[in-house]
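Values reported hereafter were calculated over all heavy atoms of this structure, with side chains retained and with hydrogens, waters and symmetry mates removed. Every chain is numbered from 1, with letters handed out A, B, ... down the list of sequences. Everything numeric in this text was worked out from a predicted model, so none of it was measured.
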2 protein chains.
Amino acid sequence: MFKYSSQTRVLVAVDCIIFGFDGTDYNLLMVNRGFSPEKEKWSLMGGFLKANESLDESANRILYELTGLENVFMEQMHTFSKPNRDPIERVVGVVYMALIDIKKYQHQPHDDFQARWFRMDQIPKLIFDHQEMVEMAFNRLRSKAAFHPILFELLPEKFTLPKLQTLYEKLFATKIDKRNFTRKLLSSKIIQKIEEKDKTASKKGAFYYTLNPSTYKENFQRTLNLIPKSEIPSLIE
Amino acid sequence: MFKYSSQTRVLVAVDCIIFGFDGTDYNLLMVNRGFSPEKEKWSLMGGFLKANESLDESANRILYELTGLENVFMEQMHTFSKPNRDPIERVVGVVYMALIDIKKYQHQPHDDFQARWFRMDQIPKLIFDHQEMVEMAFNRLRSKAAFHPILFELLPEKFTLPKLQTLYEKLFATKIDKRNFTRKLLSSKIIQKIEEKDKTASKKGAFYYTLNPSTYKENFQRTLNLIPKSEIPSLIE
DNA sequence: CCAAAAGTGTTACAGCTACACCCATGT
DNA sequence: ACATGGGTGTAGCTGTAACACTTTTGG
């Protein structure tokens with residue numbers, strides 16, 4: 001087989017930034033590295049691109065191997081490439097962002113990987129340029145969520161309006177008026193009430209809602225304006 | 001030096017999607033490949049990532065080598081990775097999108113590369129997955145331009161309002177009311193009129209405007225809403 | 001009965017859209 | 001003088017933001 005001659009070949013790593021929401025705060029799923037370099041330190045879930053898989057396949061494989069999860073919302077975000085970002089040898093790092101319902105991964109089966117959730121404000125010092133990756137991912141999440149209803153990926157099938165509102169308030173570090181929030185959301189028709197209440201958070205209980213799958217897809221491109229316009233300029237991307 | 005053992009190393013190519021605007025249509029700068037595979041066919045400007053450069057540096061080097069241009073608006077867009085996207089050997093392709101003033105590259109110095117502009121609706125069949133890359137880039141440009149004033153990168157320093165409006169109308173394939181367009185734009189303060197007219201397009205002549213550098217940067221994150229809301233849902237990303 | 005969270009309507013304002021005519025000038 | 005493209009103002013409407021009280025129920 002002919003090859004391109006005299007060109008440098010490098011390793012390609014895939015790193016997954018996995019967001020979860022515990023009802024109060026955003027969390028990140030990290031693993032304790034079992035190998036050098038930086039053994040025993042916390043890092044993103046990652047692995048090397050294999051010979052016969054695409055990056056999407058690789059990211060999904062890595063996520064599956066480490067959490068057992070499949071069919072998760074995940075998309076490619078950015079490729080990092082500083083020549084010496086990995087001290088061992090040159091590695092180009094492709095970062096994926098995933099959003100999962102935090103309850104779907106609770107340390108269960110794969111404890112051998114020593115994965116655990118960290119609240120966004122309590123993330124340990126990370127290896128290499130992983131800190132930078134996380135910051136970019138969180139900003140990207142903010143930009144996307146301002147215009148597309150992706151945050152539902154972080155919630156279980158049934159969720160309450162107060163939980164959903166907290167999700168938005170925490171991401172944009174702002175308070176939202178609950179009457180306006182509810183009205184905009186319901187007028188979009190992307191969620192529907194079910195006759196069942198969550199009583200864990202209050203005595204009165206809050207009604208559960210679920211996504212309306214058809215209108216959800218239709219409205220995915222539509223900008224919902226759930227965030228007051230005055231907050232939008234603070235988005236960085 | 002220690003290495004990660006038994007992992008696959010691959011070539012990393014950088015491909016630049018370079019948009020220009022000729023006053024009427026969007027154009028793409030393509031090169032006629034002088035080497036196999038697909039010799040003599042049209043392709044994006046590209047090259048391989050070198051041992052000691054980052055992807056950003058590589059993209060800028062490639063652009064400079066092929067056009068002589070520097071300090072151009074360019075950002076990383078997506079990394080393509082189907083295992084057999086290049087028939088010779090495995091190559092992961094990182095795509096950059098650049099926006100340039102079309103007059104800054106007019107076949108001059110580097111004709112040996114046989115680069116030329118193609119109107120977006122007259123792009124020849126491209127090699128590998130370059131067609132897919134171009135489509136993604138154009139969609140991405142649309143999404144970004146809907147909310148950030150990046151299209152100015154396609155214009156010369158002095159430009160007229162009618163030209164600017166055409167730029168938006170072509171990208172979104174829609175007609176915009178010129179009174180509304182002008183009003184929104186001027187109220188944003190990002191451009192300023194200069195007392196000089198372009199008489200090439202009409203007898204009356206249209207006033208030139210320039211970017212107001214300070215307000216331009218300030219307002220870069222602000223959503224201008226130059227495109228009527230009803231058109232926005234058609235954006236795909 | 002009280003504390004804590006959920007739920008619900010209205011009004012004022014800002015920003016958007018729709019729309020048509022006059023102006024300047026080269027030929 | 002006329003054809004061509006450039007420039008300008010208003011009114012109605014829609015959507016957003018601001019705002020406070022009642023309801024429910026577990027303890």
Euclidean distance, atom [atom1] of residue [X] to atom [atom2] of [N] [Å, nearest integer]:
X	N	atom1	atom2	result
A:D177	D:dG15	CG	P	18 Å
A:E196	C:dA6	CD	P	16 Å
A:I176	D:dC19	CD1	P	16 Å
B:E169	D:dG5	CD	C1'	14 Å
B:L186	D:dG7	CG	P	10 Å
B:K178	C:dA20	NZ	P	13 Å
A:Y209	C:dA6	OH	P	12 Å
A:F181	C:dG7	CZ	C1'	14 Å

Original post:
Is there a donor-acceptor pair closer than 3.5 Å between any side-chain N or O of B:T160 and the backbone N or O of B:A206?
Top reply: no

Subject >> Short side-chain to backbone donor-acceptor contact, A:K41 and A:R33, under 3.5 Å >> reply: no

Subject >> Identified ring pair (Phe, Tyr, Trp, His ring centres under 6.0 Å) partner of B:Y26 from the options B:W117, B:F172, B:F138 >> reply: B:F138

So, using salt bridge (Lys or Arg N to Asp or Glu O under 4.0 Å) as the criterion, who are the partners of [X] when residues are at least two apart?
X	value
A:E169	A:K175
A:E75	A:K144
B:E157	none

Original post:
Quick one: are B:V14 and B:L55 in side-chain contact, heavy atoms under 4.5 Å?
Top reply: yes

**OP:** State, with a plain yes or no, whether a side-chain heavy atom of A:L186 is found less than 4.5 Å away from one of A:T182.
**Re:** yes

Polar atom pairs between nucleotides 25-27 of chain D and protein, under 3.5 Å, N or O only, would you list them?
unit_1, atom_1, unit_2, atom_2, d
D:dG26, OP1, A:K199, NZ, 3.2

Original post:
Centres of the B:F128 and B:F80 rings: under 6.0 Å?
Top reply: no

Original post:
Side-chain donor or acceptor of A:R179 under 3.5 Å from a matching atom on the base of D:dA17?
Top reply: no

Original post:
Which word best sums up how the rings of B:F159 and B:F152 line up, parallel for under 30°, tilted for 30 to 60°, or perpendicular for over 60°?
Top reply: tilted

Can you tabulate the close N/O pairs, meaning under 3.5 Å, that link protein atoms to atoms of nucleotides 10-14 of chain D?
unit_1, atom_1, unit_2, atom_2, d
D:dT10, O4, B:R183, NH2, 3.0

Subject >> C:dT17 OP1/OP2 closer than 4.0 Å to side-chain N/O of B:K184 >> reply: yes

**OP:** Please assess A:E57 against A:R61 for the test salt bridge (Lys or Arg N to Asp or Glu O under 4.0 Å), listing each intermediate value before the final yes or no.
**Re:** CA-CA 6 Å; A:E57 287 160 359; A:R61 170 180 60 77; over 6 Å; no

**OP:** Please list residues of residues 156-165 of chain B whose heavy atoms come under 4.0 Å from any atom in DNA chain C, ordered by number; otherwise none.
**Re:** none

